**Student:** 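Got a structure for you, questions after.
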Amino acid sequence: MFEKVLIANRGEIALRIHRACREMGVRTVAVHSTADANAMHVRLADESVCIGPPAARDSYLNMSAILSAAAITGADAIHPGVGFLSENADFAAMVEEHGIAFIGPSPEHLRLMGDKVSARRAAEGFGIQVVPGSAVVDPAAAAAEARRIGFPVLIKAAAGGGGRGMRLAHSEAELASQLPAAAAEAKAYFGDGALYLERYLDRPRHIEVQILGDGQGGVVHLGERDCSLQRNHQKLLEETPSPALDADARARLAAAAVGAMRQLGYKGAGTLEFLYRAGEFFFIEMNARLQVEHPVSEMVSGIDIVREQIRIAAGEALGYGQEDVSLAGHAIECRINAEHPVSFAPSPGTIASYHVPGGLGVRVDSALYQGYTVPPHYDSLVAKLIVHGAGRGECVMRMKRALEEFVIAGIDTTIPLHQRLVAEPDFIAGAYDIGWIGRFLAAP
């Protein structure tokens, strides 16, 4: 097992990784920008190293600075968290070349599955249906491809996810105007401006499967997550199991995901994402890393996904099979962002008071504390509220209660929006799709 893990990330996910390491008896190194000098994971880690100014490109995307910090502190492994360099194959290769373990998939698998275009080809090779589309070579070729597959089309970043670099185009004129903006955003967030086009499916569900593979033949899934409640392609709420799937659809989806990862010989945690409509699944991408919404899978499975990532990266086998994985109850996660709940304007600032809900089946993943200043330089996610119940009805009621107790004062947050969402009849009935939030927010 590793002796010291460098956490190459920030915010709640950096704290989540620190906690897993601490419970395993592994020492931690926090790297941070000057804006994050007082962050909770920095205060709790065994060691910390400042790696640059606030801009992500000069700090959390600065590979040389991160590797230097690992060398200086003697870290024998690096956990990249989510976003930033977590799916960067070049970074993973550099880490390994320096004799340090990368807590994640191999560079080869990151190149294959981290790039959305090659991941689609791989999925087709595994016999999985994909949404029609192709890589963007230049604007003229993109227009020709859009005409072939039919408008509207989605423009997506080839090297990343989370809705960054994503645009919807209904015409050739919109496509031409959106391509440069999408490429610039993809370059800013992932260091790669490559794009691809995908046919836009009307009102599907966004369903994903959490898998763990040890690279030694062991692969299991931890069920599916329904991530259809999205605003501008950014997930707001996730739940497992999906209220849209019956037992047959659930079994087909899990078998396809596990079979593909077994053929690939995949090592680490990963998520295969699909659009689901009228009984059909269409593969759209794979996130070859930890997902923001991983806690709901942990709540129903009882498996610590971050701990498993660390064990697998240290060369350990899973040590259990699918028959040993028991998925019980229902879990929901609300992503709490530092944004105005109506205008969605960013709301950085100092936390005046902070009180988290508690009770049976309630979990909060957050790096906030009273007096902490939320910086304006990064993603607005500041907390994740996760609840578990014996069934979906109990889980929804528990989430309503927990949201009422959650207090974050000094900044605006999306807590009031989540309170509205979980009270909506459509949500309570599980009758929503990826466009539902847009229609809900536009309603008078």
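Worth saying up front: this structure is predicted, and the values here are computed from it rather than measured.
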**Student:** Should the pair Lys235-Glu273 be classified as a salt bridge under the 4.0 Å nitrogen-to-oxygen rule?
**Tutor:**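 Between Glu273 and Lys235 there is a salt bridge, with a charged N closer than 4.0 Å to a carboxylate O.
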
**Student:** Whether Glu238 and Arg225 form a salt bridge (side-chain N of Lys/Arg under 4.0 Å from carboxylate O of Asp/Glu) is what I want to check.
**Tutor:**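 Here Arg225 does not pair with Glu238 in a salt bridge, since their nearest N and O are not under 4.0 Å apart.
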
**Student:** Just checking, Arg231 and Phe344: is the charged tip under 6.0 Å from the six-membered ring centre and within 45° of the axis?
**Tutor:**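 Cation-pi check for Arg231 and Phe344: passes.
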
**Student:** Please name all residues satisfying ring pair (Phe, Tyr, Trp, His ring centres under 6.0 Å) with Tyr369, sequence neighbours left out, ordered by chain then number.
**Tutor:**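 For Tyr369 the ring pair (Phe, Tyr, Trp, His ring centres under 6.0 Å) partners, ignoring immediate neighbours, are Tyr372.
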
**Student:** So His18 and Cys21, do their side chains get closer than 4.5 Å, heavy atoms only?
**Tutor:**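 When only atoms from C-beta onward are counted, His18 and Cys21 do not touch, as no gap falls below 4.5 Å.
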
**Student:** Side chains of Thr73 and Glu47: is there a donor and an acceptor less than 3.5 Å apart?
**Tutor:**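 No pair is found: no donor N or O on one side chain lies under 3.5 Å from an acceptor on the other.
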
**Student:** Under 30°, 30 to 60°, or over 60°: which ring-plane class applies to Tyr354 and Phe406, parallel, tilted or perpendicular?
**Tutor:**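 Rings of Tyr354 and Phe406: tilted, as their planes differ by 30° to 60°.
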
**Student:** Do Arg10 and Ser59 have a side chain donor and acceptor closer than 3.5 Å?
**Tutor:**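 Checked: Arg10/Ser59 side chains show no N/O donor-acceptor pair below 3.5 Å.
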
**Student:** For Arg335, is there an ion pair with Glu293 - N to carboxylate O distance below 4.0 angstrom?
**Tutor:**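 Salt bridge between Glu293 and Arg335, a charged N being under 4.0 Å from a carboxylate O: yes.
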
**Student:** In terms of relative ring orientation, are Tyr266 and His109 parallel, tilted or perpendicular, with 30° and 60° separating the classes?
**Tutor:**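 Correct class here is parallel.
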
**Student:** Using a strict 4.0 Å threshold on nitrogen-to-oxygen distance, state whether Arg205 and Glu224 make a salt bridge.
**Tutor:**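 No, no charged N to carboxylate O under 4.0 Å.
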
**Student:** When the ring planes of Phe427 and Tyr432 are compared, do they come out parallel, tilted or perpendicular, using 30° and 60° as the limits?
**Tutor:**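 Ring orientation of Phe427 relative to Tyr432: parallel.
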
**Student:** So that I can tick it off, tell me whether Arg19 and Glu23 are bridged by a salt bridge, with the cut-off set at under 4.0 angstrom between side-chain N and carboxylate O.
**Tutor:**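 Looking at Arg19 together with Glu23, the answer is no, because their closest N to O distance does not fall below 4.0 Å.
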
**Student:** Going by an N to O cut-off under 4.0 Å, is there a salt bridge joining Arg311 and Glu308?
**Tutor:**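 Salt bridge: yes.
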
**Student:** Got a salt bridge between Asp304 and Arg16, using NZ or NE/NH1/NH2 to carboxylate O under 4.0 Å?
**Tutor:**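 Yes, Asp304 and Arg16 are salt-bridged.
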
